[in-house]
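Order of listing sets the numbers, starting from 1, for every ligand and every atom in it. Heavy atoms only: backbone and side chains are in, while hydrogens, waters and symmetry mates are out.
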Amino acid sequence: MGYDYDDQNIFARILRGEIPNRTVFESAHSLAFEDITPQAPTHVLVIPRGAYVSFDHFALEASEAEIVDYVRTIGTVAKICGVDLGEGGGFRLIANAGRDGVQEVPHLHVHVLGGRALGRMLQPV
Ligand code: AMP
């Protein structure tokens, strides 16, 4: 059993240029764009250009070049948005995966959230 990637998902369509996006930064292997329903003053999604469903899929199967590019892009986005710890007040990264993680779009994306105090991470069960 492997990872089943749906190439009709909305982020695949953004990568193919079929749907517009508000790009924050792009690199050889990654794209960062504004979330369409922002939950904070900074809410950027960072996706790999490759066809990876989730963080685990990417972490286990992506090339080192893709992984380095992706991690650097996340850091660059934090800096561009002014939330990095060099200049700003901090941020939160979220990568929802699968059913229990409540992932809506089945193409890996890390949410970069910041620009306000974000509260505690989870509600107690
Ligand atoms: P998740 O629940 O982690 O899968 O998050 C999916 C995110 O994608 C949500 O925050 C949506 O607001 C965002 N989203 C869905 N469609 C678009 C789009 N066309 N452009 C930008 N963000 C989108």
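The protein heavy atom nearest to atom 8 (O) of ligand 1 is F11 CZ, 3.4 Å.
With a 4.0 Å cut-off on non-hydrogen atoms, N96 touches ligand 1 through its side chain and not its backbone. Under 4.0 Å from ligand 1, the heavy atoms of L45 that appear belong solely to its side chain.
Taking each heavy atom of F91 and D84 in turn, the nearest pair found is CE2-CA, 4.2 Å. Closest of all the heavy-atom pairs between L85 and G90 is CD2-CA, 3.5 Å. Nearest approach of G115 to V83, heavy atoms of both residues: N-CG1, 3.9 Å. Scanning both residues, E66 and Y52, for their nearest heavy atoms gives OE1-OH, 2.7 Å. The two residues Q39 and R116 make their nearest non-hydrogen contact at O-NH2, 2.7 Å. Considering all non-hydrogen atoms of both residues, S30 and Y70 come closest at OG-CA, 3.4 Å.
Y5 and H107 are linked by a side-chain donor-acceptor pair at a separation below 3.5 angstrom, with hydrogens and angles left out of the test. In this model, a donor atom of one side chain and an acceptor atom of the other lie less than 3.5 Å apart for D35 and H43.
The distance from ligand 1 to the heavy atoms of H111 drops below 4.0 Å at these ligand atoms: 1 (P), 3 (O), 5 (O), 7 (C), 10 (O). Within ligand 1, the atoms closer than 4.0 Å to a non-hydrogen atom of T37 are 12 (O), numbered from 1 in the order shown. Residue-ligand proximity, E34 to ligand 1, at heavy-atom distances under 4.0 Å covers atoms 21 (C). Here is the list of ligand 1 atoms found below 4.0 Å of a heavy atom in D35: 7 (C), 8 (O), 9 (C), 10 (O), 11 (C), 12 (O), 13 (C), 22 (N). Near Q103, meaning under 4.0 Å from any of its heavy atoms, are these atoms of ligand 1: 4 (O). The distance from ligand 1 to the heavy atoms of F33 drops below 4.0 Å at these ligand atoms: 21 (C). The distance from ligand 1 to the heavy atoms of V102 drops below 4.0 Å at these ligand atoms: 2 (O).
Checked by distance only, ligand 1 and I36 come closer than 3.5 Å through their nitrogen or oxygen atoms. Polar contact with ligand 1: present for V105 (N/O pair, distance under 3.5 Å).
Distances from atom 6 (C) of ligand 1 to the heavy atoms of H43, H109, R22 put H109 nearest. By heavy-atom distance, the residue among H107, E104, Q39 lying nearest atom 2 (O) of ligand 1 is E104.
Classification of R49 and E26 as a salt-bridged pair holds, one side-chain N sitting under 4.0 Å from a carboxylate O.
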